[in-house]
There are 2 protein chains.
Amino acid sequence: MDFFNHIGKMALGSRLRMLTEKITEDAAQIYKLYDIDMQPKWFPVFYVLSKGEEKTITAIAREIGHSHPSVSKIISEMSKKGFVTEKKDETDGRRNVVCLSEIGMQVTHQIEDQYVDVASAIDEIAAQTRNDLWKAIEEWEFVLEQKTLLRRVQEQKKLRESSQVRIVDYRREYQLAFRNLNQEWISAYFKMEESDFKALDDPEGYILNKGGKILVALYKEEPLGVCALIKMDDPDYDFELAKMAVSPKAQGKSIGWLLGQAIISKAKELGASKIYLESNTILKPAINLYHKLGFQKVAGRITPYERCNIQMELIIK
Amino acid sequence: MDFFNHIGKMALGSRLRMLTEKITEDAAQIYKLYDIDMQPKWFPVFYVLSKGEEKTITAIAREIGHSHPSVSKIISEMSKKGFVTEKKDETDGRRNVVCLSEIGMQVTHQIEDQYVDVASAIDEIAAQTRNDLWKAIEEWEFVLEQKTLLRRVQEQKKLRESSQVRIVDYRREYQLAFRNLNQEWISAYFKMEESDFKALDDPEGYILNKGGKILVALYKEEPLGVCALIKMDDPDYDFELAKMAVSPKAQGKSIGWLLGQAIISKAKELGASKIYLESNTILKPAINLYHKLGFQKVAGRITPYERCNIQMELIIK
DNA sequence: TAAATTTGCGTAATCAGTTACGTAATTAAT
DNA sequence: ATTAATTACGTAACTGATTACGCAAATTTA
């Protein structure tokens, strides 16, 4: 088992499987020891029936946490051995009502000694260990119930990746990225318009020189997100948040969120008290992000963009 | 999972299996998350090859603790995907020497982020639990290595059963058991002799009334073992230990040991200082038992029994 | 009351491992 | 130099679970 100590947590699954195997392998032998003609895999089914109640296949499956075909098969095997009797429910013809037979009930008595001895053996092992396997399993079941391992790994990935994102000021070398990232989503959902071309082809002339700002998100030195703050000629608003674009391949790295926060604090630095933006309700993730950043829906302004069907603003405190 | 808390330790195997399933189920998704075209079951094989060394199928199997057919299958699947290259060993034509291909080595780099995130996710879970699953598994592996679960259960069974054995004085109702239990082994290995019949048919006349003693071992009120102390007319010895018999169906309950100890302490009570016995070396378990009880081999006495080829004595302190 | 949906359960296919077995190559023993 | 034993490994069959699917009965909906 030395192998596992090297690779660490990655193979937790493999390791669990091997321990499981080792234990269930012995289980078959243990039944033999007590002269009980029962397969270990029958045990959970056997146990729920051992109180003498009648149960349907699916009821048993639910109770023991197996799939119903599994129980179905086990019951037919136990039936062949004469441990259980099956009968159709009279009032509901779909149900297969199962209960322990005379023979099965006898086994419940024979097996009692085995319960005791197995429990003692396991207690003996538990006494020799510092970490309680039984409780650990219970805790893991609980914790995984709350949030799956997959979700947790996803979160770790996002966390790690977003910590590798750097937000930097626009430089001439990013012009192509600024253009392409924006063109990508605009032409996917809408149509490039006159004013798009102007701003994207000459960001320095149309944005920076007019007192605006552009930020670029770098992931592993590659520009994968961009966002602009355009100076507005309006008494109500200082800037328009526009041309925000994140590469689809950079999803799940919180780049939008990081860019948004950075551009807002940049606006604050520039003394802005109110930012405006235009968008379209088809872009649900974007609207969502704006909302999370603190933007509120407003209405009434005239806009040069056809694609605009929602307007939002953020009051900077 | 409430079910398991009821039946307790008996279904440790079942429960482990279910946790294993839950974890490995997510594993496949996790690889997808990192865009790695690898199946979780490949991982152990992949890992041992990731240092770039060439290995044979069986060497890998040994290292990761799988069976060789399992590795064989995994390698052929990985080979189909181009992750590994196989080639026959030049000096030993049986060996299939495997190593990671160019593509496989690339994956070792892609997968590094995944290692980190999975490890963090598991650490996060560990931080939320009081019992360390990882260490618990390790301990169980170690403890089961020392002595299997089967062995432990066997021991518990013996312990419990021997505590249910009662050693009682002979009474007339046990005469049939005394006779049958002895006849069973004598006629199985040897032939009933004249003196056997005398003692077995009339134990009161031939043993008790002459100052001897008979003890009976009861298991669940059934006489399953007997043993006699026969008064000897000899200056060297006080008693002969004889007619010791245990039912074959009562094996593993330490009945022989309990009877032996009881009869020795009975001899002590009766003031004996030396006990004698005769046996045959074919009866290995019996000789063994006598040895454990403290008897030592001696020689030289004349005996009426044909079957005697070993003589032993015990000096009582 | 007819149609649609849900429920119960059996069968078939699949999956990731195993053991059993056969074959070929190598090594050891006579 | 044979013969026997061991080793490497692939194929086949089995195992204990799963998901997928389909049928029939029961229930709900229109």
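Side chains are part of it too, since the values below use all heavy atoms of this structure and drop only hydrogens, waters and symmetry mates. Chain letters run A, B, ... following the sequence lines, proteins first, then strands; residues in each count from 1.
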Item to check | A/D132 CG to B/E139 CD distance, which is reported to the nearest 0.5 Å | outcome: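 These two atoms lie 10.0 Å from each other.
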
Please determine whether the number of non-hydrogen atoms from other residues, nucleotides or ligands lying under 6.0 Å from atom [atom1] of [X] exceeds 12.
{"X": "A/R151", "atom1": "CZ", "answer": "no"}
{"X": "B/K88", "atom1": "NZ", "answer": "yes"}
{"X": "B/K81", "atom1": "NZ", "answer": "no"}

If you look at every strand shown and take non-hydrogen atoms under 4.0 Å, does [X] touch a base, only sugar-phosphate, or nothing?
{"X": "A/T56", "result": "sugar-phosphate"}
{"X": "A/S67", "result": "base"}
{"X": "A/T91", "result": "sugar-phosphate"}

Spacing between [X] atom [atom1] and [N] atom [atom2], to the nearest angstrom:
{"X": "B/Q39", "N": "C/dG17", "atom1": "CD", "atom2": "P", "answer": "9 Å"}
{"X": "A/E54", "N": "C/dG8", "atom1": "CD", "atom2": "P", "answer": "16 Å"}
{"X": "A/H66", "N": "D/dT18", "atom1": "NE2", "atom2": "C1'", "answer": "11 Å"}
{"X": "A/E86", "N": "C/dG8", "atom1": "CD", "atom2": "C1'", "answer": "14 Å"}
{"X": "A/K87", "N": "C/dC9", "atom1": "NZ", "atom2": "P", "answer": "13 Å"}
{"X": "B/K73", "N": "D/dA8", "atom1": "NZ", "atom2": "P", "answer": "21 Å"}
{"X": "B/R95", "N": "C/dT23", "atom1": "CZ", "atom2": "C1'", "answer": "18 Å"}
{"X": "A/I75", "N": "C/dG10", "atom1": "CD1", "atom2": "P", "answer": "9 Å"}

Next on the checklist: Any N or O donor-acceptor pair under 3.5 Å from the base of C/dT26 to the side chain of B/R94?
Outcome noted: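 It does not, because no donor-acceptor pair links the side chain of B/R94 to the base of C/dT26 below 3.5 Å.
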
Next on the checklist: Can you classify the ring geometry of B/F83 versus B/W42 as parallel (below 30°), tilted (30 to 60°) or perpendicular (above 60°)?
Outcome noted: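 Perpendicular, since the angle between the ring planes exceeds 60°.
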
Next on the checklist: Return whichever of B/W42 or A/I57 has its heavy-atom-nearest nucleotide of DNA chain C closer to the 5' end.
Outcome noted: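 Result of the comparison: A/I57.
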
Item to check | B/I74 vs B/H68, nearer the 5' end of DNA chain C by closest nucleotide | outcome: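 Looking at the nearest nucleotide for each, B/I74 comes out on the 5' side.
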
Any side-chain N or O of [X] below 4.0 angstrom from OP1/OP2 of [N]?
{"X": "B/R17", "N": "D/dA17", "value": "yes"}
{"X": "B/T58", "N": "D/dC9", "value": "yes"}
{"X": "A/S70", "N": "D/dT18", "value": "yes"}
{"X": "A/N96", "N": "C/dG10", "value": "yes"}

Item to check | Of A/D89 and B/D92, the one whose closest DNA chain D nucleotide lies more 5' | outcome: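 Looking at DNA chain D, the more 5' nearest nucleotide goes with B/D92.
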
Checklist entry - Could you go step by step and tell me if A/T129 and A/N131 meet the side-chain hydrogen bond (donor to acceptor under 3.5 Å, both in side chains) rule? => result CA-CA 6 Å; A/T129 59; A/N131 297 280; over 6 Å; no

Checklist entry - C/dT11, D/dA13, C/dT19: which one has an atom nearest the side-chain heavy atoms of A/P69? => result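 Nearest listed nucleotide: C/dT11.
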
Next on the checklist: As a test of reading the structure: which of D/dA20, D/dA24, C/dA16 is closest to the side chain of B/K41, going by heavy atoms?
Outcome noted: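 So the side chain of B/K41 is nearest to C/dA16.
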
